[in-house]
Amino acid sequence: MRYDLVIFDNDGVLVDSEPISNRLLAAYLTELGHPTSYEESLRDYMGAAMHRVHDLVEERTGQPLPEDFDDVFHSRVFAAFERELKPVAGAVGVLEKLVADGVPYCVASSGSHERIRVGHRTTGLDRWFGEGQIFSSEDVGRGKPAPDLFLYAAGKMGVAPERCVVVEDSPLGVRAAVAAGMDVYGFTAMTPAARLSGATRLFADMGELLDLLA
(Lines give C-alpha, C1' and ligand atoms only; values in the text may rest on other atoms or scores of the structure.)
Protein backbone atom coordinates (compact mmCIF):
# COMPACT_ATOMS: atom_id res chain seq x y z
CA MET A 1 0.00 0.00 0.00
CA ARG A 2 1.25 3.47 -0.88
CA TYR A 3 0.31 5.05 2.48
CA ASP A 4 1.36 4.43 6.08
CA LEU A 5 -1.91 5.67 7.58
CA VAL A 6 -5.52 5.87 6.38
CA ILE A 7 -7.53 8.59 8.15
CA PHE A 8 -11.29 8.22 7.86
CA ASP A 9 -13.83 10.93 8.33
CA ASN A 10 -16.74 9.42 10.26
CA ASP A 11 -20.13 10.85 9.31
CA GLY A 12 -21.03 9.84 5.77
CA VAL A 13 -17.84 7.78 5.33
CA LEU A 14 -18.08 5.12 8.05
CA VAL A 15 -21.59 5.66 9.41
CA ASP A 16 -24.49 6.74 7.20
CA SER A 17 -25.42 9.58 9.53
CA GLU A 18 -25.49 12.65 7.31
CA PRO A 19 -29.10 12.22 6.11
CA ILE A 20 -30.26 11.76 9.70
CA SER A 21 -28.31 14.58 11.32
CA ASN A 22 -28.90 17.14 8.57
CA ARG A 23 -32.63 16.40 8.49
CA LEU A 24 -32.80 16.99 12.24
CA LEU A 25 -30.52 20.03 12.13
CA ALA A 26 -32.61 21.71 9.44
CA ALA A 27 -35.79 20.98 11.39
CA TYR A 28 -34.38 22.29 14.69
CA LEU A 29 -33.00 25.50 13.16
CA THR A 30 -36.34 26.08 11.45
CA GLU A 31 -38.14 25.45 14.75
CA LEU A 32 -35.97 28.15 16.36
CA GLY A 33 -36.90 30.70 13.70
CA HIS A 34 -33.99 30.17 11.30
CA PRO A 35 -35.69 28.55 8.27
CA THR A 36 -33.31 25.94 6.87
CA SER A 37 -33.94 23.23 4.30
CA TYR A 38 -32.29 19.82 4.31
CA GLU A 39 -30.33 20.82 1.19
CA GLU A 40 -29.13 24.03 2.84
CA SER A 41 -28.01 22.11 5.91
CA LEU A 42 -25.95 19.76 3.74
CA ARG A 43 -24.47 22.70 1.86
CA ASP A 44 -23.54 24.78 4.89
CA TYR A 45 -22.87 22.34 7.72
CA MET A 46 -21.98 18.89 6.36
CA GLY A 47 -18.60 17.90 7.75
CA ALA A 48 -18.43 20.84 10.15
CA ALA A 49 -18.01 21.05 13.90
CA MET A 50 -20.92 22.48 15.88
CA HIS A 51 -19.24 25.84 16.34
CA ARG A 52 -19.75 26.48 12.62
CA VAL A 53 -23.53 26.21 13.07
CA HIS A 54 -23.40 28.76 15.88
CA ASP A 55 -21.08 31.07 13.97
CA LEU A 56 -23.05 31.05 10.70
CA VAL A 57 -26.44 31.54 12.33
CA GLU A 58 -25.21 34.46 14.41
CA GLU A 59 -23.38 35.96 11.43
CA ARG A 60 -26.49 35.78 9.27
CA THR A 61 -29.13 36.77 11.81
CA GLY A 62 -27.32 38.62 14.58
CA GLN A 63 -28.91 36.20 17.05
CA PRO A 64 -27.05 33.53 19.01
CA LEU A 65 -28.45 30.04 19.26
CA PRO A 66 -29.74 28.95 22.68
CA GLU A 67 -27.15 27.84 25.22
CA ASP A 68 -28.62 24.34 25.27
CA PHE A 69 -28.69 24.04 21.47
CA ASP A 70 -25.95 21.42 21.25
CA ASP A 71 -27.41 19.29 24.05
CA VAL A 72 -30.92 19.32 22.59
CA PHE A 73 -29.68 18.64 19.07
CA HIS A 74 -27.45 15.76 20.11
CA SER A 75 -30.20 14.16 22.20
CA ARG A 76 -32.43 14.15 19.11
CA VAL A 77 -29.65 12.84 16.90
CA PHE A 78 -28.65 10.05 19.27
CA ALA A 79 -32.26 8.92 19.63
CA ALA A 80 -32.57 8.79 15.85
CA PHE A 81 -29.26 6.94 15.57
CA GLU A 82 -30.61 4.21 17.83
CA ARG A 83 -33.57 3.77 15.49
CA GLU A 84 -32.06 4.33 12.05
CA LEU A 85 -28.26 4.41 11.84
CA LYS A 86 -26.41 1.92 9.64
CA PRO A 87 -22.77 1.61 8.56
CA VAL A 88 -21.97 3.04 5.16
CA ALA A 89 -22.26 0.20 2.64
CA GLY A 90 -18.86 -1.40 2.12
CA ALA A 91 -17.16 0.28 5.10
CA VAL A 92 -16.82 -2.93 7.11
CA GLY A 93 -15.17 -4.68 4.17
CA VAL A 94 -12.60 -1.90 3.89
CA LEU A 95 -11.78 -2.10 7.61
CA GLU A 96 -11.50 -5.89 7.46
CA LYS A 97 -9.01 -5.65 4.61
CA LEU A 98 -6.92 -2.96 6.33
CA VAL A 99 -6.71 -5.09 9.48
CA ALA A 100 -5.83 -8.21 7.47
CA ASP A 101 -3.06 -6.32 5.68
CA GLY A 102 -1.76 -4.67 8.84
CA VAL A 103 -2.37 -1.13 7.55
CA PRO A 104 -2.77 1.48 10.33
CA TYR A 105 -5.96 3.52 10.26
CA CYS A 106 -7.94 5.89 12.46
CA VAL A 107 -10.97 8.18 12.43
CA ALA A 108 -10.76 11.98 12.61
CA SER A 109 -14.20 13.55 12.85
CA SER A 110 -15.73 16.98 13.35
CA GLY A 111 -18.22 15.26 15.65
CA SER A 112 -17.76 14.98 19.38
CA HIS A 113 -16.20 11.90 20.97
CA GLU A 114 -19.65 11.01 22.30
CA ARG A 115 -21.21 11.27 18.85
CA ILE A 116 -18.48 9.09 17.31
CA ARG A 117 -18.85 6.44 19.99
CA VAL A 118 -22.64 6.38 19.91
CA GLY A 119 -22.54 5.93 16.13
CA HIS A 120 -19.92 3.20 16.28
CA ARG A 121 -21.65 1.33 19.08
CA THR A 122 -25.02 1.49 17.33
CA THR A 123 -23.63 0.17 14.04
CA GLY A 124 -21.16 -2.34 15.47
CA LEU A 125 -18.15 -0.42 14.16
CA ASP A 126 -16.81 -0.03 17.69
CA ARG A 127 -15.06 -3.40 17.31
CA TRP A 128 -12.80 -1.84 14.66
CA PHE A 129 -11.65 1.22 16.60
CA GLY A 130 -9.62 1.23 19.80
CA GLU A 131 -9.26 4.23 22.10
CA GLY A 132 -6.09 5.38 20.37
CA GLN A 133 -7.71 5.40 16.92
CA ILE A 134 -10.46 7.98 17.54
CA PHE A 135 -9.86 11.71 17.14
CA SER A 136 -12.42 14.51 17.36
CA SER A 137 -12.48 18.23 16.70
CA GLU A 138 -12.85 18.44 20.50
CA ASP A 139 -9.15 17.50 20.66
CA VAL A 140 -7.95 20.59 18.78
CA GLY A 141 -8.61 24.31 18.78
CA ARG A 142 -10.05 24.57 15.28
CA GLY A 143 -12.21 22.15 13.32
CA LYS A 144 -12.26 21.54 9.59
CA PRO A 145 -11.45 23.25 7.19
CA ALA A 146 -8.40 23.99 9.36
CA PRO A 147 -5.80 21.21 9.08
CA ASP A 148 -5.36 20.90 12.86
CA LEU A 149 -7.40 17.74 13.40
CA PHE A 150 -5.74 15.72 10.66
CA LEU A 151 -2.28 16.86 11.73
CA TYR A 152 -3.11 15.98 15.33
CA ALA A 153 -4.30 12.50 14.34
CA ALA A 154 -1.20 11.86 12.22
CA GLY A 155 1.05 13.03 15.05
CA LYS A 156 -0.66 10.78 17.57
CA MET A 157 -0.37 7.84 15.16
CA GLY A 158 3.30 8.65 14.54
CA VAL A 159 3.02 9.11 10.77
CA ALA A 160 4.28 12.06 8.67
CA PRO A 161 1.48 13.98 6.89
CA GLU A 162 2.82 13.17 3.43
CA ARG A 163 2.48 9.45 4.22
CA CYS A 164 -1.21 9.80 5.12
CA VAL A 165 -4.37 9.62 3.02
CA VAL A 166 -7.70 11.03 4.19
CA VAL A 167 -11.08 9.61 3.15
CA GLU A 168 -13.62 12.46 3.15
CA ASP A 169 -17.07 13.27 1.84
CA SER A 170 -17.34 16.99 2.60
CA PRO A 171 -15.78 20.08 0.98
CA LEU A 172 -14.63 21.28 4.42
CA GLY A 173 -12.87 17.97 5.05
CA VAL A 174 -11.19 17.98 1.64
CA ARG A 175 -9.90 21.51 2.27
CA ALA A 176 -8.59 20.46 5.68
CA ALA A 177 -6.73 17.45 4.28
CA VAL A 178 -5.17 19.50 1.47
CA ALA A 179 -4.10 22.14 4.00
CA ALA A 180 -2.51 19.37 6.09
CA GLY A 181 -0.41 18.28 3.11
CA MET A 182 -2.16 14.93 2.81
CA ASP A 183 -3.66 13.12 -0.16
CA VAL A 184 -7.44 12.97 0.09
CA TYR A 185 -9.91 10.65 -1.61
CA GLY A 186 -13.32 12.27 -2.00
CA PHE A 187 -16.35 10.01 -1.50
CA THR A 188 -19.13 11.26 -3.76
CA ALA A 189 -22.01 9.06 -2.59
CA MET A 190 -23.81 12.10 -1.15
CA THR A 191 -21.73 15.05 -2.31
CA PRO A 192 -21.58 16.19 -5.95
CA ALA A 193 -18.12 15.53 -7.36
CA ALA A 194 -17.72 19.18 -8.31
CA ARG A 195 -17.85 20.17 -4.62
CA LEU A 196 -14.94 17.81 -3.87
CA SER A 197 -12.83 18.98 -6.80
CA GLY A 198 -9.78 19.58 -4.61
CA ALA A 199 -9.48 15.89 -3.80
CA THR A 200 -6.59 13.76 -5.07
CA ARG A 201 -9.05 11.16 -6.35
CA LEU A 202 -12.84 10.77 -6.36
CA PHE A 203 -14.87 7.60 -5.87
CA ALA A 204 -18.58 6.89 -5.59
CA ASP A 205 -18.69 3.41 -4.05
CA MET A 206 -16.82 2.32 -0.91
CA GLY A 207 -15.93 -0.89 -2.73
CA GLU A 208 -13.64 1.15 -4.99
CA LEU A 209 -11.53 2.46 -2.12
CA LEU A 210 -9.27 -0.56 -1.63
CA ASP A 211 -8.18 -0.47 -5.27
CA LEU A 212 -7.38 3.25 -4.94
CA LEU A 213 -5.30 2.62 -1.82
CA ALA A 214 -3.32 -0.26 -3.31
Side-chain angles (χ1 to χ4, degrees), residues 1-15 17-18 21-22 25 41-56 58-59 70 88 91 94-95 98 103-117 119-120 129-203 206 209 212-213:
M1 184 166 291
R2 69 182 73 177
Y3 301 103
D4 296 333
L5 177 66
V6 181
I7 304 176
F8 291 97
D9 176 44
N10 190 56
D11 294 292
V13 170
L14 294 174
V15 295
S17 53
E18 294 290 9
S21 58
N22 281 282
L25 179 58
S41 182
L42 288 174
R43 181 194 69 200
D44 293 341
Y45 305 121
M46 183 174 167
M50 288 302 294
H51 67 77
R52 179 176 171 86
V53 182
H54 289 264
D55 292 347
L56 278 184
E58 187 161 7
E59 177 184 309
D70 290 13
V88 167
V94 171
L95 296 172
L98 293 178
V103 178
Y105 64 90
C106 65
V107 61
S109 171
S110 293
S112 66
H113 277 283
E114 183 183 16
R115 178 183 171 121
I116 298 167
R117 284 168 170 76
H120 285 191
F129 289 92
E131 189 68 28
Q133 293 172 284
I134 298 175
F135 305 101
S136 160
S137 61
E138 291 180 323
D139 300 325
V140 295
R142 300 181 299 168
K144 304 168 190 178
D148 304 36
L149 176 57
F150 290 140
L151 292 173
Y152 177 79
K156 286 292 188 179
M157 297 293 289
V159 178
E162 63 271 17
R163 298 296 305 157
C164 299
V165 62
V166 175
V167 185
E168 264 287 355
D169 70 331
S170 76
L172 294 175
V174 168
R175 286 168 56 193
V178 171
M182 301 176 180
D183 281 357
V184 53
Y185 291 168
F187 184 41
T188 62
M190 278 196 61
T191 307
R195 297 196 68 211
L196 303 179
S197 59
T200 310
R201 299 284 296 274
L202 298 173
F203 68 106
M206 196 57 68
L209 181 59
L212 293 177
L213 293 173

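Residue numbers start at 1 and run along the sequence shown.
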Show me the side-chain donor-acceptor pairs of residues 150-160 shorter than 3.5 Å, one per line, residues at least two apart or across chains.
none

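In this structure, Gln133 contributes its side chain and Tyr105 its backbone to a donor-acceptor pair below 3.5 Å. A donor-acceptor contact shorter than 3.5 Å links the side chain of Arg163 to the backbone of Arg2.
Ionic pairing of Arg117 and Glu131 is present here: one or more N-O contacts between side-chain nitrogen and carboxylate oxygen are shorter than 4.0 angstrom.
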Legend entry - Steps toward side chain to side chain contact (heavy atoms under 4.5 Å, CB included) verdict (Val140, Phe135): CA-CA 9 Å; Val140 295; Phe135 305 101; over 6 Å; no

Inset, instruction - Give the intermediate values and the outcome of side chain to side chain donor-acceptor pair (under 3.5 Å) for residues Ser109 and Arg115. - result: CA-CA 10 Å; Ser109 171; Arg115 178 183 171 121; 6.0 Å; no

Inset, instruction - Report the C-alpha distance between Met206 and Val13 in whole Å, list the side-chain angles of each, state the deciding distance to 0.1 Å, and finish with yes or no for side chain to side chain contact (heavy atoms under 4.5 Å, CB included). - result: CA-CA 8 Å; Met206 196 57 68; Val13 170; 4.2 Å; yes

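Side-chain atoms of Ser17 and Asp11 form a donor-acceptor pair, as typed in the model, at a separation below 3.5 Å. Donor-acceptor pairing under 3.5 Å is lacking for the side chains of Arg52 and Ser110.
Contact of the Lys144 side chain with the Val174 side chain is not registered, since no non-hydrogen atoms from C-beta on lie closer than 4.5 Å. At least one side-chain heavy atom of Tyr185 sits less than 4.5 Å from a side-chain heavy atom of Leu213. Between Met46 and Asp169 the shortest side-chain heavy-atom distance falls below 4.5 Å. Contact annotation: the side chain of Asp9 never approaches that of Phe187 to less than 4.5 Å [non-hydrogen atoms, C-beta and beyond].
In this structure, Asp183 and Tyr3 approach most closely via the heavy-atom pair OD2-OH, 2.6 Å. Counting all heavy atoms, side chain and backbone alike, His54 lies closest to Asp70 at NE2-OD1, 2.7 Å. Shortest non-hydrogen contact noted between Val15 and Val88 is C-CG2, 3.6 Å. Annotation for Met190 and Glu18: closest pair SD-CB, 3.8 Å, computed over non-hydrogen atoms. Heavy atoms only, all atoms of each residue included: Ala108 and Ile7 are closest at CB-CG2, 3.6 Å. His120 and Asn10 make their closest contact through NE2-OD1, 2.7 Å (heavy atoms, listed as atom of the first residue, atom of the second, distance).
Taking OG of Ser170 as the reference point, atom CZ of Arg43 lies at 15.0 Å (rounded to 0.5 Å). To the nearest 0.5 Å, atoms CG (Leu42) and CZ (Arg195) are separated by 8.5 Å. A distance of 10.5 Å separates CG in Leu202 from OG1 in Thr191, rounded to the nearest 0.5 Å.
Residue Val6 forms a side chain to side chain contact (heavy atoms under 4.5 Å, CB included) with just one option from Val167, Val166, Val94, and that option is Val167.
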